[in-house]
Enquirer: 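The structure's right below; bear with me while I get my questions together.
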Amino acid sequence: MATQLEIELSSHRSDPFPASVPGGAVYGPVDAVMVGSDVWGLASKVAKQGALDALELQQLAEMISGLASSIWAFPHSARPYYARLLLIATLAYDQSVPEDS
């Protein structure tokens with residue numbers, strides 16, 4: 001049975017990049033293009049291996065913070081795309097953090 005993370009990754013894979021976001025655009029602390037590939041890479045690793053190392057976990061936490069603080073700066077039509085990225089990052093983080101943390 002697929003996890004919620006795997007389901008969201010699969011859904012995200014079929015979403016086109018928002019046309020309303022120009023390449024190289026930065027919204028708050030978020031590079032609109034790079035954040036997608038960075039979240040995708042780390043979340044895919046969690047889905048396959050179940051955990052991240054401490055540095056990767058810190059990087060993912062920074063991406064979550066950046067996305068959460070800048071989601072309203074994105075064009076309205078692009079927000080669902082970045083909201084899903086935020087969800088994917090959060091699911092990956094939660095799945096990767098040791099249970100006693």
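Keep in mind the model is a prediction, meaning the values are calculated, not measured.
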Enquirer: Are side-chain heavy atoms of Val46 and Leu42 found at a separation under 4.5 Å?
Expert: no

Enquirer: Is it the case that one hydrophobic cluster holds both Val97 and Leu87, taking links as side-chain heavy atoms less than 4.5 Å apart, direct or via other members?
Expert: yes

Enquirer: Which atom pair, heavy atoms only, marks the closest approach of Ala47 to Leu9?
Expert: CB-CD1, 4.0 Å

Enquirer: So, Ser14 side chain and Ser11 main chain: donor-acceptor pair closer than 3.5 Å or not?
Expert: yes

Enquirer: Is there a continuous path of hydrophobic side-chain contacts, each under 4.5 Å between heavy atoms, that joins Val39 to Met34?
Expert: no

Enquirer: I need the full list of ring-ring contact (aromatic ring centres under 6.0 Å, His included) pairs touching residues 21-59, with sequence neighbours left out, sorted by first then second residue.
Expert: Tyr27-Phe74

Enquirer: Sorted by first residue and then second, give each salt bridge (Lys or Arg N to Asp or Glu O under 4.0 Å) pair with at least one member in residues 20-30; sequence neighbours left out.
Expert: none

Enquirer: Taking side chain to side chain donor-acceptor pair (under 3.5 Å) as the definition, give me every residue that meets it alongside Ser20, ordered by chain and number, with sequence neighbours left out.
Expert: Ser77

Enquirer: Could you list the residues that satisfy side chain to side chain contact (heavy atoms under 4.5 Å, CB included) with Thr90, not counting sequence neighbours?
Expert: Ile64, Leu86, Asp94

Enquirer: What residues, two or more places apart in sequence or in another chain, satisfy side chain to side chain contact (heavy atoms under 4.5 Å, CB included) together with Asp15?
Expert: His12, Tyr81, Arg84

Enquirer: For Val33, what residues pass the side chain to side chain contact (heavy atoms under 4.5 Å, CB included) criterion, not counting sequence neighbours?
Expert: Phe17, Asp31

Enquirer: Considering residues at least two apart in sequence or located in another chain, which fulfil the side chain to side chain contact (heavy atoms under 4.5 Å, CB included) criterion with Thr3?
Expert: Leu5, Glu6, Gln95

Enquirer: Minimum heavy-atom separation for Val21 and Pro75, please, with both atom names.
Expert: CG2-CD, 4.1 Å

Enquirer: Working to the nearest 0.5 angstrom, can you tell me the gap between Met63 CE and Asp38 CG?
Expert: 4.5 Å

Enquirer: With sequence neighbours left out, write down each residue that passes salt bridge (Lys or Arg N to Asp or Glu O under 4.0 Å) with Glu56, or none if nothing qualifies.
Expert: Lys45

Enquirer: Please tell me if the side chains of Ser96 and Leu60 come closer than 4.5 Å, counting only heavy atoms from C-beta onward.
Expert: no

Enquirer: For residues 41-67, which residue pairs qualify under ring-ring contact (aromatic ring centres under 6.0 Å, His included), counting only residues two or more places apart or in two chains?
Expert: none

Enquirer: Provide the closest heavy-atom pair for Leu57 versus Leu52 in the form atom of the first, atom of the second, distance.
Expert: N-CB, 4.1 Å

Enquirer: Which residues satisfy the side chain to side chain donor-acceptor pair (under 3.5 Å) test with Gln4, sequence neighbours excluded?
Expert: Glu8

Enquirer: Find out if a path of hydrophobic residues (ILVMFWY) with successive side-chain heavy-atom gaps under 4.5 Å connects Leu67 to Trp72.
Expert: yes

Enquirer: Quick one: which residue pairs count as a side-chain hydrogen bond (donor to acceptor under 3.5 Å, both in side chains) with a foot in residues 61-71, not counting sequence neighbours?
Expert: Gln58-Glu62

